[in-house]
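These notes concern the structure reproduced below.
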Number of protein chains: 2
Amino acid sequence: MTVQLRPEAKPVRVALLGCGTVGTEVVRLLHEQADDLAARVGAPVELAGVAVRRPHKHHDVPAELLTTDAAGLIASDVDVVVEVIGGIEPARTLLLDALRAGRSVVTANKALLAEHGAELFEAADAAGADLYFEAAVAGAIPLLRPLRESLAGDRITRVMGIVNGTTNFILSAMDGTGASYAETLEEATQLGYAEADPTADVDGFDAAAKAAILASLAFHTRVTAADVYREGIAAVSAADVAAARELGRTVKLLAICEREADDEGEAVSVRVHPAMIPRSHPLAGVNGAFNAVFVEADAAGQLMFYGQGAGGAPTASAVLGDLVAVARNRVMGGRGPRESAYADLPVRPMGRTPTRYHISLDVADRSGVLSQVAAVFAEHDVSIAVVRQEGRGADASLVVVTHSAPDAALRSTVDKIAGLPVVREVVSVMRVEGEEL
Amino acid sequence: MTVQLRPEAKPVRVALLGCGTVGTEVVRLLHEQADDLAARVGAPVELAGVAVRRPHKHHDVPAELLTTDAAGLIASDVDVVVEVIGGIEPARTLLLDALRAGRSVVTANKALLAEHGAELFEAADAAGADLYFEAAVAGAIPLLRPLRESLAGDRITRVMGIVNGTTNFILSAMDGTGASYAETLEEATQLGYAEADPTADVDGFDAAAKAAILASLAFHTRVTAADVYREGIAAVSAADVAAARELGRTVKLLAICEREADDEGEAVSVRVHPAMIPRSHPLAGVNGAFNAVFVEADAAGQLMFYGQGAGGAPTASAVLGDLVAVARNRVMGGRGPRESAYADLPVRPMGRTPTRYHISLDVADRSGVLSQVAAVFAEHDVSIAVVRQEGRGADASLVVVTHSAPDAALRSTVDKIAGLPVVREVVSVMRVEGEEL
């Protein structure tokens, strides 16, 4: 290996905030890859300190690097601050301080970016500092850099993906076993695939934060977590999974960001909810803890990115990639891309977002039922794509898949149908995505 | 849309060299996306001129922009030179001139980069100019930027992919119809999927140039097209495709870049050849003109990138992404990543590269045949993974899949076996890739 460092190259000094699963891997890689990182950056990359709450718990980190004083570490002679604490505070205050002091920031904190991204970008901009966050979405999968840079000359119209491993593990398992959500969650918790408090994952908060970040980058528009329509997987029943299976489909929790024009002009919609997709769809084969994201752009067409969405080493890989980029900018001069929010498109509410529904009903098995049900659809201006009716003794199964219609119209249709005397039970209602039926 | 350009922002002036399928799309996108590009770059992006051989043939380009004097255009007041001519000369001389004059260069020219990359990088470096080439490999798929930047903090061990659409179309069709290579090539030519002279595609030159570029970036080592072991698809027979099918496999032309240590230390191997992969492998489902590339890295694990590998609009999307990056660097200051060849690993010859073979033979149906064949494998130190023998009257079919061994040992084994009196015919010999059997 012939490493040529610039003779004047001062080390790039890194402050690491947090040292959990990801932080530990960052420390390991900084040590093991030191020569390669130096060659790629053009200067040595030096760990200046690691801020943690309980220093005595971190035996893998040289004791002299550990500190409980994160603010002091940031204020010391460091060039880059890497944040892997997670959560809003104290991460927010610490990173704002870091940026204001001109430090470059690399963070894996999706919640913080999705809620306070604008504030962070403004601080970065005012100080001329870099703010990179590839690890915040889809772990090791290079996704944000392609959106921000590779596709910067194209017009992205859609981003749709599986961005949460825990829910994907649970839904894959429900599909495999036919078990209920509650049973499967319990199993996932025992196996360590779900946290003791799984709320952030199963209620879709984690995916919604990622969706906000993806939409912001794809559409050059500020989108926060609060703008994202969100449904988790707690209401997905074994009946939903079975209904999907009967249609040659499977249930996935999807993050969907779209840009579309309607009567009121161009707008974006950003949503996270379970949906049925065809088993032939590439996302249907993404199982367990893997993530995959489809991107559609006018000129590029359809792209897919696939890989490990979480875990210490994969997330650390993304952090280190960003660290090399910001360190290289320090050494060579220059800055990475800044926030790009110029398009400033309105976010369309879910009610006006076009979706398609699958509705499975138990109905009385007599003539005229279909016409009553169909009348409700017509009344709401919802067009039906497929109907399947099967008699089973005294009652019948009626499955309807709609064409695309505003989500609010579809919801009202379902509510009204549920109240029809001929409808015995609404077995399953779920949005469908993927190619047209 | 609230576009805020820096008040002092001078337009970034672009010279386009060549105006075929890709160039025409670049001109169209520069025009249609002008406002977006200006907002993303921070300054207007202006087409200064288009150098072509026959100006009267280009009705889509304003006449005053067309010129036959490429060198004059480069020497005029331009900031960025975009090259989509292809081939070695005059592209090489023009781009060297452009870089020496301090112009940033965006090129889609894989052949040029794979043969003269080092010379171009040196010229870029001496002048402090940018050299970007995302469009040179896998069309619209953001692949080079992730390798160069996102994974810059990781250790890439393997890149394996389908990077040529024409051969993939032909192999997909052979697999579907059972037809011969010659018939399928003729059909592909009639449908416009193969060029009138298909040599660059079917003999693997195109894929080899891309493999050289991928290996250079992945392993921080200069790899040229001449370093790449290359076999095309002209020798793939209907019998090979049928043999693959019987094993639950399919034949693909793969570009494979690996980094591995053996007795003589760490080295890279770079090769392009047809191989059988399991039908369950994600690359098996990549059909027609699509491209897909797997990347394996120590920390990130397995990643996959998928999309359209060629075509005017997809390639133009990649060109425009690079154009935004180099234009942004002009406006904001700074430079993109330079050549990174510090690791300087040796390229291992194909004979010493470990591969696995599938060998299908017609043999005499009598006892002792398998032991004779097995003895040849043992003699060459090649270990057998699977043997399947089936009697069919007077002769028998014998299928062997080996474990991994140096390619030269496998070849010698096949040569010797072909000469055994008990072997009536060597039906199919092909390397196997993908997960272990």
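Proteins get letters first, then strands, A, B, ... in listed order; numbering begins at 1 in each.
Taking the side chain as every heavy atom from C-beta outward, Ile156(A) and Arg259(A) never approach each other to under 4.5 Å. Put simply, the side chain of Leu30(A) reaches to within 4.5 Å of the side chain of Leu320(A), judged on heavy atoms. Between Val106(A) and Phe133(A) the shortest side-chain heavy-atom distance does not fall below 4.5 Å.
For the options Phe294(A), Tyr306(A), Phe290(A), heavy-atom pairs under 4.5 Å to chain B are most numerous at Tyr306(A). Interface remark: of the candidates Pro282(B), Ala325(B), Gly334(B), Gly321(B), Gly321(B) forms the most heavy-atom pairs closer than 4.5 Å to chain A. Listed options Thr315(A), Leu143(A), Asp298(A), Asp154(A) were ranked by heavy-atom pairs under 4.5 angstrom with chain B; first place goes to Asp154(A). Looking only at heavy-atom pairs under 4.5 Å with chain A, the residue among Gln302(B), Glu149(B), Gln308(B) that has the most is Glu149(B). Of the residues considered (Gly307(B), Gly139(B), Ala140(B), Pro142(B)), Pro142(B) shows the highest number of contacts with chain A, using heavy-atom pairs under 4.5 Å. When each of Arg145(B), Arg40(B), Met304(B), Glu25(B) is checked for heavy-atom pairs under 4.5 Å with chain A, Arg40(B) comes out on top. Between chain B and the residues Ala299(A), Pro146(A), Gly285(A), Gly333(A), the largest count of heavy-atom pairs under 4.5 Å involves Ala299(A).
Between the Thr24(A) side chain and the Gly20(A) main chain, a donor and an acceptor come within less than 3.5 Å of each other.
Separation of atoms CZ (Arg338(A)) and CE (Met332(B)) is listed at 4.0 Å; rounding is to 0.5 Å.
Looking at Arg335(B), only its backbone comes within 4.5 Å of chain A, counting heavy atoms on both sides. Looking at Leu303(B), the atoms closer than 4.5 Å to chain A (heavy atoms on both sides) sit in the backbone and in the side chain alike. Interface residue Leu151(B): backbone and side-chain heavy atoms are both found under 4.5 Å from chain A. Contacts of Ile141(A) with chain B are made by both backbone and side-chain atoms, with heavy-atom separations under 4.5 Å. In this structure, the portion of Gln33(B) lying under 4.5 Å from any heavy atom of chain A is its side chain and not its backbone.
Taking the ring centre of Phe121(A) as origin, the terminal cationic atom of Arg222(A) falls outside the region bounded by 6.0 Å and 45° from the ring axis.
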Point to revise | Verdict with reasoning, Glu266(B) to Arg155(B), per salt bridge (charged side-chain N to carboxylate O under 4.0 Å, His left out) | key: CA-CA 13 Å; Glu266(B) 195 162 39; Arg155(B) 189 173 166 279; 2.5 Å; yes
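Using a 4.0 Å cut-off between a side-chain N of Lys or Arg and a carboxylate O of Asp or Glu, Asp79(B) and Arg13(B) do not qualify as a salt bridge.
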